[in-house]
Amino acid sequence: MEEGNNDAKSESLDFIREIIANDLSSGKHEAPVTRFPPEPNGYIHIGHAKSICLNFGLSKENKGGACHLRFDDTNPVKEDSEYVDSIKQDVSWLGFEWGDNLFFASDYFDKLYDFAQKLIKEGKAYVCDLSLDEIAEHRGSPKTPGKKSPYRDRSPEENIDLFKRMRDGEFDDGTKVLRAKIDMTSPNLHMRDPVLYRIRKIAHHRTGDKWCIYPMYDFTHCLSDSIEGITHSLCTLEFEVHRPLYDWVLAKLSVECHPRQIEFARLNLTYTVLSKRKLLVLVEEAYVSGWDDPRMPTVSGLRRRGFTPASIKAFCHAIGVTKFNGLTDVALLEHSLRQDLNETVERRLAVLNPIKVVITNFQEERVEDLEAVNNPKNPEAGTRIMPFTREIYIEKDDFMEDPPNKFFRLGPGREVRLRFAYFITCQEVIKNDAGEIVELHCTYDPETRGGNAPDGRKVKGTIHWVSAAKAFETKVRLYDRLFTTEDPNKEEDGKTFLDYINESSLEIIADAKLEPSLSEATPGESFQFERLGYFCADLKDSENGTPVFNRTTTLRDTWSKQKNKS
RNA sequence: UGCCGAAUGGUGUAACGGUAGCACAGCGGUCUCUGACACCGUAUGUCUAGGUUCGAAUCCUAGUUCGGCAACCA
C-alpha cells in the first residue's frame, strides 16, 4: 500500500475503501471480512449487484479478505428457499465465490436466543404485552417523545420465564414481544425500546417448526456479523438511523467482535424501478412475463436480456460508491454493455423488417458462398460462409424511393454495397395496386465480389442482407425500456409508476430473416446483428434447435437522430 | 417544530488548503465494407452568504435545498 501511494495512475479510493485501507495500515484489521446479506424473499437486481460488487470486490482486492454470503432469513412469513437458490445462482453468475462462507441467520437462532436471555438477565430487555397498535402509539412520533410501556419494569426472572413460554408456544401471535429497554424519549425512533423478538407460529424454510419466535433484523444482523467475524458491515443509507441500535446491542452484550457498519447510497436508475414491492407488482399484475423477463432489472432478467457479468461489473465500478443519493442514467449501463459486447461477440446479418430484392442478372438456381468476417475486433474469431442467391431480403429502412441527400442507402438508380457481397444498383421499384412497394429489382456487378470494385469506385452505403431462399426464420423480440419517464418513482399528480409503463417495451417480430448460421445458436449465445444491435438466443424459449432472439440493446444510431431532427 | 445524512457541468464521480479532472449523455468533425467501433474537437459545474488564509470545492459560521427515519419488514 505504501508504495502505491504516489502512483499517479492509481485510482482514488472511494470513502469505504479509504476507511478499510486505514484500518489495514493502522493494524486494526489484517484483512477485511465483508458480507452480502440478502433476505430470501425476492430476486436480486442491479442494485444488489452494486452491493455484491462492493462486498465481494473488497474481498478479492485484499489479500486474505473474505466475503460471506449470508441469508437474512428471520421472517418466515415472506421467505422461501426458492429465492435462496436464485440468489446463489445470480451471485455466482456475476462471477463471485463465497467458498465455505455460506451462512444463514437462521443458523444462529440458538445463539441469538441465548443472547436475548443475557440481555433480559441484565435488565436490558423485557417482554411486553402491548398490542401492535399500542406499541406504535407508545412510540410517539419524531416530534413527540414516546411513553414507557406498563410492562417495562417486569423483573428479569419474570421476563426470562415469559420469554421461555413465548418460545414454547404458550402465547398467540402478536400477543407478546421481547423489547430492548433503551430510551422511550430518544430522538432516534429506533432507540425507543425496539422490538427484538416476535411470535410467528409458522414454519421456517430451514428450521421448520423448531421455532415460533423469530428475532428481528436489528437484533439479528449485528450479532450475525459479530458471530462471523465481519470487520466492515456495509449497508445502504436507510440503515444509517439503525446504527446506534446496531452498536447498542453489540456493546450491551460485550461481544468480542464489533464490526463497523458503514452506509452507502443505493443505486437508482433512470427509466427503472428497483423496489422489491414495485417489481413484485410488475410480475404479479403481468406487466412482464416474470422475474426474469428481459425487461426486468433483476439479475436474472438482465441475464436473459443478454447482459454479461463483465458489463455489470464494469458499470458498478463506473458508478462508484458514495453517500449521495442520486439517479444514474441507464445509458451508462448500456454503454458498459456495448463496450463489452463489441469486443467479444461475433457478428451476423439479420433482416428484421424485410423487403425483397431480386438481383435480375444473377442466375436463378445459383447459390454462391461468400466469406464474412465474424468479428473485426478479433481476427481469431475467423470467418463464416453466407449463401448469396438471386432473391435476397434487405431492411425496409435501407430503401427510400425519394431519398434526401444525406441518405446513403439504396434508392432508385443508386448503387450500394451488400455487406461481404456485391455492389448492387436499384433498377426498378415494383408496387402493388395499393401503391405499396413490394419488391425491388436490382442488378449486381460481378466484378465487385467480396465488396470491392476493381475500378476503385466507391459507394457511400453498405447495407446488410439475407438470402431469401436460405434464410432462417425465427421469432425476434425487440425490447425497449419499461418506462416512459426518467423517474417512474416520482409519483406526482396522483400518478403511480404504473402510469408510466411503456406500452411498446416489447415488439415481437414473428418471422425475422436471419442468416442460416444463426439456426445453430445455443441458448444464451450473443451476437451483434450488424447495423441493428446486440441480440442473444433466449435462455428459456429457444427449443429444439430453434433459437428465439432477444434484442439486448441497439447499436448507437446517429442516423436516426439526424433523421429525427429534420 | 425532532433525529440522521448529503450537496461539484445534463448524469454519475475525482480533486484530502495550491492549475476543478474523468466517464456517460449532448453537439461538431475525421475515418469506415456496420451511419457501429475508433479518433479529434467543443459547450456546460464547486447550493447561498459571510469568515479564516498569500491561496478555499476542501477549514469555520449561518442559511438554503434534497434524501432517509415513526413495520411485531429487511
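Convention: sequence-line order gives letters A, B, ...; per-chain numbering from 1.
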Open item on the list: Between C1' on B:A36 and CZ on A:F420, what's the gap in Å once rounded to a whole number?
Closed with: 12 Å
Open item on the list: Distance check needed: B:G35 C1' versus A:R409 CZ, whole Å only.
Closed with: 7 Å
TODO: Identify whether any heavy atom of A:R347 sits under 4.0 Å from a base atom; if not, whether one sits that close to sugar-phosphate; answer base, sugar-phosphate or nothing.
DONE: base
Task: Whole-angstrom distance between B:C16 and B:A56, as gauged at atom P - done: 15 Å
Task: Under 3.5 Å: donor-acceptor pair, side chain of A:H204, backbone of A:R206 - done: yes
Task: Gap between atoms CD and P, on A:E334 and B:A36 respectively (whole Å) - done: 17 Å
Open item on the list: Please classify the nucleic acid contact of A:F407 as base, sugar-phosphate, or nothing, using heavy-atom distances under 4.0 Å.
Closed with: base
Task: A:K78 with A:E39: basic N within carboxylate O range, under 4.0 Å - done: no
Open item on the list: Please report the distance separating the P of B:A36 from the corresponding atom of B:C22, rounded so that it comes out in whole Å.
Closed with: 24 Å
Open item on the list: With heavy-atom distances below 4.5 Å as the criterion, would you say the side chains of A:Y126 and A:L178 are in contact?
Closed with: no
TODO: Check every strand shown and say whether A:K143 touches a base, only sugar-phosphate, or nothing at a heavy-atom separation below 4.0 Å.
DONE: base
Open item on the list: Taking the ring of A:F483 and the ring of A:Y271, is the distance between their centroids below 6.0 Å?
Closed with: no
- [ ] May I ask you to decide if A:I202's main-chain N or O and A:Y214's side chain share a donor-acceptor pair within less than 3.5 Å?
- [x] yes
TODO: Tell me what A:P376 touches on the nucleic acid: a base, only sugar-phosphate, or nothing, going by heavy atoms under 4.0 Å.
DONE: base
Open item on the list: How long is the straight-line distance from CG of A:D218 back to CZ of A:F239, given to the nearest 0.5 Å?
Closed with: 8.0 Å
Task: Interatomic distance at C1', B:G9 relative to B:C47, whole Å - done: 14 Å
Open item on the list: Apply salt bridge (charged side-chain N to carboxylate O under 4.0 Å, His left out) to residues A:D193 and A:K148 and explain how you reach the verdict.
Closed with: CA-CA 9 Å; A:D193 290 10; A:K148 288 179 182 172; over 6 Å; no
TODO: Under 3.5 Å for both distances, Watson-Crick or G-U wobble, that's the pair rule; now give the dot-bracket for RNA chain B, with | marking pairs to another strand and [ ] for crossing ones.
DONE: .((((((..((((....[..)))).(((((.......)))))....(((((..]....))))))))))).....
N/O contacts under 3.5 Å, protein versus nucleotides 18-25 of chain B?
residue, atom, partner, partner atom, Å
B:C24, OP1, A:H335, NE2, 3.2

Open item on the list: Looking at A:R347, is its backbone amide N or carbonyl O close enough to the side chain of A:R384 to form a donor-acceptor pair, meaning the two atoms are under 3.5 Å apart?
Closed with: yes
Task: Gap between atoms CG and P, on A:L337 and B:C37 respectively (whole Å) - done: 13 Å
Open item on the list: For the P atoms, the ones on B:G12 and on B:G18, what distance do you get once it is rounded to whole angstrom?
Closed with: 26 Å
Open item on the list: Check this for me: does the side-chain of A:E343 come within 3.5 Å of the base of B:C37 through a donor and an acceptor?
Closed with: no
Open item on the list: At less than 4.0 Å, is any side-chain N or O atom of A:T328 found next to OP1 or OP2 of B:U11? Yes or no.
Closed with: no
TODO: Decide yes or no for A:H221 and A:M216: does some side-chain heavy atom of the first lie under 4.5 Å from some side-chain heavy atom of the second?
DONE: no
Task: Main-chain N/O of A:P215 paired to A:R198 side chain as donor or acceptor, under 3.5 Å - done: yes
TODO: With P as the reference atom in both, quote the distance from B:C66 to B:C31 in angstrom, rounded to an integer.
DONE: 50 Å
TODO: Please state the C1' separation for the pair B:U34 and B:G28 - nearest whole angstrom.
DONE: 22 Å
Open item on the list: Can you measure A:Q562 atom CD to B:G26 atom P for me and round it to whole angstrom units?
Closed with: 14 Å
Open item on the list: Rounded to whole Å, please give me the gap between CD in A:Q528 and P in B:A38.
Closed with: 12 Å
- [ ] Sugar-phosphate atoms are those with a prime plus P, OP1 and OP2; base atoms are the rest. Using that split, label each nucleotide of nucleotides 67-74 of chain B B, S or - for protein heavy atoms under 4.0 Å, 5' to 3'.
- [x] SBSBSBBB
- [ ] Answer yes if the ring centres of A:W465 and A:F388 are under 6.0 angstrom apart, and no otherwise.
- [x] yes
Task: Distance, C1' atom - from B:G26 to B:C69, rounded to whole angstrom - done: 38 Å
Open item on the list: Let me spell it out: for each of A:R419 and A:K323, pick the nucleotide of RNA chain B with the closest heavy atom. Which residue's pick is nearer the 5' end?
Closed with: A:K323
- [ ] Would you please determine if the base of B:A6 is stacked by A:F324, with stacking meaning a centroid separation under 5.5 angstrom and planes under 30 degrees?
- [x] no
Task: Check: A:E228 side chain, A:T34 main-chain N or O, donor-acceptor pair, under 3.5 Å - done: no
Open item on the list: Tell me the interatomic distance from A:K377, atom NZ, to B:U32, atom P, rounded to whole angstroms.
Closed with: 15 Å
- [ ] Before accepting this row, confirm whether a basic side-chain N of the pair A:R449/A:E447 lies closer than 4.0 Å to the acidic partner's carboxylate O.
- [x] no
Open item on the list: Using the P atom as the point on both nucleotides, what is the distance between B:U46 and B:A62, in whole Å?
Closed with: 24 Å
TODO: Let me know the distance between NZ of A:K458 and C1' of B:U32, rounded to the nearest Å.
DONE: 10 Å
